There are 2 protein chains.
Amino acid sequence: MKDRAEARTLAGDAYAVIHRAIRSGLLKPGQRLRFADLQALCGMSVSPVREALVRLTAEGFTVSDDHRGFSVAPLSIAELLDIVGTRKLLEGEALRLSIEHGDSEWEGRLLAAHHVMSRLPRERDDLPTAIREDWDQRHADFHRTLISACRSPILIEMCEKLFVRADRYRRLSVSVPNQSRDVVCEHERIMTCALNRNADEAVAALKEHYQRTADAVERLFQDGAATE
Amino acid sequence: MKDRAEARTLAGDAYAVIHRAIRSGLLKPGQRLRFADLQALCGMSVSPVREALVRLTAEGFTVSDDHRGFSVAPLSIAELLDIVGTRKLLEGEALRLSIEHGDSEWEGRLLAAHHVMSRLPRERDDLPTAIREDWDQRHADFHRTLISACRSPILIEMCEKLFVRADRYRRLSVSVPNQSRDVVCEHERIMTCALNRNADEAVAALKEHYQRTADAVERLFQDGAATE
DNA sequence: GGCACCCACATTTTCGAAAATCCTACCCTC
DNA sequence: GAGGGTAGGATTTTCGAAAATGTGGGTGCC
């Protein structure tokens, strides 16, 4: 769930390393994961690696087959659509609650998060990885902040998990340089509606935002990006 | 998540044993979990026990503190209300989708699940544990069946996790013999509305059903059941 | 030729002990 | 007496090897 500051135990490191390897595509969907390889990758013994895999499995990034080990969870259009549909439901409701309960401190954090994000270059394939990761971080922060005042830790946790899970798919679509979308504008609209306490419109804008991302990735899938 | 058929590895056994111990109250909320004790309880070495705890932590039954081990997740009114609120949202939508997509085969399974449950004695404190567990099982099956046609595996999985998590609380309320509720009737109303494809009413009835359970447990909490 | 069985190999899972970390209580200094 | 540092013991975390299990191929039988 977290990624940074997750380094007090070796198992935490292993989790971070493998998680990153899966998101980055170093470990491909469906690929079998051998302990020997992962031990070499993480530079540690089998125990923490196994612990990391158990955690990743609980979060849907890997799948486990008793006595036959683990493999990277496959990607599919069906799962993408499922994730997006569920996110629209959960984050939509979380945003509505946030707008209902959020105070001016929340408004401030929201403005700040959006500002920082908008000042960074838009995600593009030709940018250095470090900058892309930076944008990803700010983008995640913005969406986190949106729902942070909903007063439901469980809802927040579920949204967080789905966000990271969806991220595997979103990364595919980044390699398409132009999608004739103005993502910055979409974010702005969500924020403005939220600040104006216009819950219905804010939620609608958020759902639209996710649906567009889903559509972009779906197009990509049909061009065969999933099979590689 | 599962409990039965989870026995192909020792770690799976450990998970089942500890999970059961937490739900039954043998391991109390907030209690520190020492490996030595759990190894004795499960009859195995540290590795599978640790794996079980990692999984339980991912599902919210235990909490982990780096280098300080694990403890049973505490119960609180706030969490109960959060769980119930989220369940109403998730299962409500899942039921709506199920009603939209379910075919006659689904209707059949729903009727069957309800029938089996209604023929069993109502859960009561004075009944033998085996019978109570049987009723619990059928009750869970009924609710599972309700949403089983929603076509969203993720939604189903989340509902399942919340159901089990809420179960820890629900078990507290069972010890109160009479709550002036007709649970059988509540279930029947949900089913009838669902079969009549009356989504709005079915969802409303389901949410009411959960809210009443929550209210019952909440009353219990205020009488100090949480502190023991 | 097809099918079942069995053996050797590859891999995961589990064990028992070593290493690392945390907590407690004590001592020393100020 | 208060604060800080430090050994000792308890506990978790990690390691490396042993045990258990799945896999693939070869052999013999029908």
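Bear in mind the structure is a predicted one, so any value in this text is a computation, not a measurement.
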For atom [atom1] of [X] and atom [atom2] of [N], their distance in whole Å:
X: Phe70(A); N: dT11(C); atom1: CZ; atom2: P; value: 16 Å
X: Arg32(B); N: dT12(D); atom1: CZ; atom2: C1'; value: 8 Å
X: His67(B); N: dC23(C); atom1: NE2; atom2: P; value: 11 Å
X: Asp66(B); N: dT13(D); atom1: CG; atom2: C1'; value: 10 Å
X: Asp65(A); N: dT11(C); atom1: CG; atom2: P; value: 16 Å
X: Arg50(B); N: dG16(C); atom1: CZ; atom2: C1'; value: 16 Å
X: Leu10(B); N: dT21(D); atom1: CG; atom2: C1'; value: 12 Å
X: Asp13(B); N: dT13(C); atom1: CG; atom2: P; value: 14 Å

#### Entry: Spatial distance of atom OH (Tyr210(B)) from atom NE2 (His143(B)) [nearest 0.5 Å]
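That separation rounds to 4.5 Å.
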### Message
By the 4.0 Å heavy-atom rule, please label Leu53(B) as base, sugar-phosphate, or nothing.
### Response
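Nothing: the residue Leu53(B), judged by heavy atoms under 4.0 Å, touches no strand.
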Contact between [X] and [Y] at the side-chain level, heavy atoms closer than 4.5 Å - yes or no?
X: Leu90(B); Y: Leu89(A); answer: yes
X: Ile156(B); Y: Cys150(B); answer: yes
X: Arg55(B); Y: Thr57(A); answer: no
X: His139(B); Y: His187(B); answer: yes
X: Leu155(B); Y: Ile147(B); answer: no

### Task
Compute the bend angle of the helix from dG1(C)-dC30(D) to dC30(C)-dG1(D) from the end axes (five pairs per end), rounded to 10°.
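Comparing the axis at each end, I get an angle of 0°.
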### Query
Can you list, by residue number, the residues of residues 34-48 of chain A that have a non-hydrogen atom closer than 4.0 angstrom to DNA chain D?
Met44(A), Ser45(A), Ser47(A), Pro48(A)
### His19(A) (side chain) donor-acceptor with Phe61(A) (main chain) under 3.5 angstrom
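Here the side-chain-to-backbone pair does not exist.
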### Query
Got a salt bridge between Arg151(B) and Glu100(B), using NZ or NE/NH1/NH2 to carboxylate O under 4.0 Å?
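Salt bridge flag = no for Glu100(B) with Arg151(B).
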### Message
Among dT14(D), dC22(C), dG22(D), which nucleotide has an atom closest to any side-chain atom of Arg68(A)?
### Response
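Looking only at side-chain atoms, Arg68(A) lies closest to dG22(D).
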### Task
Tell me yes or no: between the side chains of Gln211(A) and Asp215(A), is some donor less than 3.5 Å from an acceptor?
yes
### Message
Please determine whether a side-chain nitrogen or oxygen atom of Arg8(A) lies at a distance below 4.0 Å from atom OP1 or OP2 of dT21(C).
### Response
no
